[in-house]
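Here the structure comes first, spelled out in structure tokens, and everything after it is commentary.
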2 protein chains.
Amino acid sequence: MKKQVQHTIKDIAATLGLSISTVSRALNDHPHISQSTKQRVREAVEKLDYRHNALAASLRNSRSNMIGLIAPRITMYFQSTVITAIQHKLHEYGYNLMVCQSNDSPAIEKELVGVMYASRVDGLIVSSTLYTEDFSHFDIFNRANIPLVFYDRVPHNYPAHKIQGDDYQGGYQTTRHLLEQGARKIAYITGPLSCKLYRDRYEGYQEALREFDMTPDESLMFCHELNKKNAQLTCKALFAEGGLPDAVFAGNDTTAVAVVQCAKAKGISVPQQLKVTGYSNDSRTEIIEPPITSVEQFPYEVGVQAATLMLELLEQKTNHSQNHISLITPIELVIRRSSRL
Amino acid sequence: MKKQVQHTIKDIAATLGLSISTVSRALNDHPHISQSTKQRVREAVEKLDYRHNALAASLRNSRSNMIGLIAPRITMYFQSTVITAIQHKLHEYGYNLMVCQSNDSPAIEKELVGVMYASRVDGLIVSSTLYTEDFSHFDIFNRANIPLVFYDRVPHNYPAHKIQGDDYQGGYQTTRHLLEQGARKIAYITGPLSCKLYRDRYEGYQEALREFDMTPDESLMFCHELNKKNAQLTCKALFAEGGLPDAVFAGNDTTAVAVVQCAKAKGISVPQQLKVTGYSNDSRTEIIEPPITSVEQFPYEVGVQAATLMLELLEQKTNHSQNHISLITPIELVIRRSSRL
DNA sequence: ATAATTCCTGCAATCGTTTGCAAAGAAAGT
DNA sequence: ACTTTCTTTGCAAACGATTGCAGGAATTAT
């Protein structure tokens, strides 16, 4: 078992009788190095199978070409699509992306922020947990003047760059649509209101009701993490009581799907007796029977925007903490049979 | 705008009148350092808001605590679940995971391997592209004796540790089930056979046919990347011809869903006239009408296995390239109405 | 009081790059 | 022949941590 040496520029310098500075410059295509030397270096690199050590370079340059990303979970369609877009865009510009999941735990999120900082990422892109209300663990990035961009799950009162879908419009248009279809008893299933996007949506919902001279019915409001299990519990409560609602505004598609299935199981016809809408327009909405009305958020575009903003911030070496950019990306209500008579 | 200094252990040493070595040891809880000194260091860290520089430490230690992962795309349910499992497991043991996507492009994959190596990851976990046949770009990891683990899309003839679902059984059991349900003209839609797992599945399929004294019908075999668009094209071809098949073995759920929808659009009844099976058991299979029979691969368990193996390899500092571990994880055929009369 | 231990702490080298500055040699201008 | 300019290279100091070795102080043994 031969001890495998990791060759360094020092070895290249030695074999060629050059100094390491010359080799370094040759590798970086520095103009002061002659073509012939560059060629010799290239050959030696090939021969010795030399590999650049990014750690050493990053340390010296205080620049890692690495962008960190913290998402609650990558298994969600919206999230993985945004991340893919970000990765593609950043890759174009020579940056690498380091993806981590907070698992919707503020404690893990906090830890990951530390890890990212320790790795000296050049920028950080975040979609926070559902429960993050104190954003002070992000302070280090602001203090060190390292670009920090939030998307989707953005903070409310924290100074940072933000990209979010138009959740107010999402809530408004969806509700308005349900009202126009004749619904008057709308059950509202939302994620935790500690999360700004759910608050925004709720405001849109309220505004639409107001236009119909209505107010939210507290007894029809359900607030919990939007997974299948919770959705089923809510359905149970919802369909057990005497007065059935005539519509359900579900905070995501997983919930909407569960509602539709539960309704079918109970013999409640959708959309005749119950109208249902989801959110995110994931691939399940169009294959279920009936297909579910949902809000398209254009995740790929959100990702491109986030990456573009990050790249701009990386470019301008000035102090970014001055005027924070806050972008609202458009959404589109995709109306399907689950809500249309 | 105050110039923000990044504090180092040097600064801590200076404020406390200690040497940097003492500070370093205190931070690492070295036994030779007195409790009182450790306490003072801890306070200074707090006060100066010192942050560990993982780059510098990694360079010195030649150990980054970072594991690289290259997946074809994280938007696939199976992939994102495996990755999540891996991340959770590694995190338990103090490792971080750096996730990148090859986008099913061998060229990008090759580039990413270089990037991972340059970042001096302590290990690399890979699910290769559909088209990777030459795996020599992974040689550097083997030569440098850095743990390399493949999952799902594993190489055929390349020496490495591998974890894969039991695709042979998946192919066999699914086919056998279709035959037992009376199907005799089975269309077989598979991903590129350059990918080992599709070959394994195909062998299982052949074996099942053999047991029924049948041989594959070349005219019913379709081989292409398994996305929605391709599936629709194949359906067109499949349903246009005179003699309809009585079953479709689809290589993934996206394809199976497309087949079912296409059949419905053509007025072909599933499962009466056409039986359909998918692969991966993603959430769409159980909500479509009729629900689709599919193969559960237990992605979370696959991820745990991959991470566990990686951790073991990291532990033993010996030469791992000797006996390569090759694990086959169990699958389970989940039978639903799409294939059962 | 001297020697042997134990407990802490510091010196200085090291990891693999990058880069400001200096300088050597060649070419060109006067 | 002498200065000036240009091209190409090397020296050495960083970047921020870790660690083997040495040594000073305090404690205990002889």
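Here is the naming used below: chain letters follow the sequence lines, and residue numbers restart at 1 for every chain.
Counting heavy-atom neighbours within 6.0 Å of B/Tyr93 OH, excluding the residue itself, gives a total of 12 or less. Counting heavy-atom neighbours within 6.0 Å of A/Glu92 CD, excluding the residue itself, gives a total above 12.
We find that CG of A/Leu55 is positioned 18 Å from P of D/dC15, with the value rounded to whole Å. For the pair B/Asn53 CG and D/dC15 C1', the computed distance is 8 Å after rounding to whole Å. Counting to the nearest Å, the P atom of D/dG20 and the NE2 atom of B/His32 are 11 Å from each other. The distance from atom NZ of A/Lys38 to atom P of D/dT9 is 10 Å, rounded to the nearest whole Å. The distance between atom CD1 of A/Ile33 and atom C1' of D/dT7, rounded to the nearest whole Å, is 10 Å. Between the C1' atom of D/dT18 and the CG atom of A/Leu59 lies a distance of 13 Å, rounded to the nearest Å.
Contacts with DNA chain D (heavy atom under 4.0 Å) in residues 12-31 of chain B: B/Ile20, B/Ser21, B/Ser24, B/Arg25, B/Asn28, listed by number. A heavy atom closer than 4.0 Å to some atom of DNA chain D occurs in no member of residues 110-123 of chain B.
Nearest-nucleotide positions on DNA chain C place B/Arg40 closer to the 5' end than the other of A/Ala56 and B/Arg40.
Residues B/Glu43 and B/Gln39 have side chains that bring a donor and an acceptor to within less than 3.5 angstrom of each other. Residues A/Glu301 and A/Thr329 bring no donor and acceptor atom of their side chains to less than 3.5 Å of each other. Using modelled atom types and a 3.5 Å distance limit, the side chains of B/Ser105 and B/Asn103 yield no donor-acceptor pair.
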Dump the intermediate steps for side-chain contact (heavy atoms from CB on, under 4.5 Å) on A/Tyr95 and A/Met310, then the final yes or no.
CA-CA 11 Å; A/Tyr95 284 95; A/Met310 175 53 73; over 6 Å; no

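Within the structure, ring pair (Phe, Tyr, Trp, His ring centres under 6.0 Å) pairs that include any residue of residues 48-73 of chain B do not occur (at least two apart or interchain).
On the nucleic acid side, DNA chain C has its first and last nucleotide under 4.0 Å of a heavy atom of chain B at C/dC8 to C/dG16, going 5' to 3'.
Rounded to 10 degrees, the angle between the two end axes of the helix from C/dA1-D/dT30 to C/dT30-D/dA1 is 60°, with five pairs used at each end.
Distance CE/B/Met98 to CD1/B/Ile125: 13.0 Å, rounded to 0.5 Å.
Residues passing the side chain to side chain donor-acceptor pair (under 3.5 Å) test with A/Gln87, sequence neighbours excluded: B/Gln101.
Side chain of A/Thr37, nearest nucleotide from D/dG16, D/dA17, D/dT9: D/dT9.
Side chain of B/Asp11 to backbone of B/Thr8: a donor-acceptor contact under 3.5 angstrom is found. Between the side chain of A/Tyr300 and the backbone N or O of A/Thr84 there is no donor-acceptor pair closer than 3.5 Å.
The aromatic rings of A/His32 and A/His30 sit perpendicular, their planes meeting at an angle over 60°, well past the 30° parallel limit.
For the side chain to side chain contact (heavy atoms under 4.5 Å, CB included) with B/Thr129, the lone residue among B/Lys110, B/Arg73, B/Glu109 that qualifies is B/Glu109.
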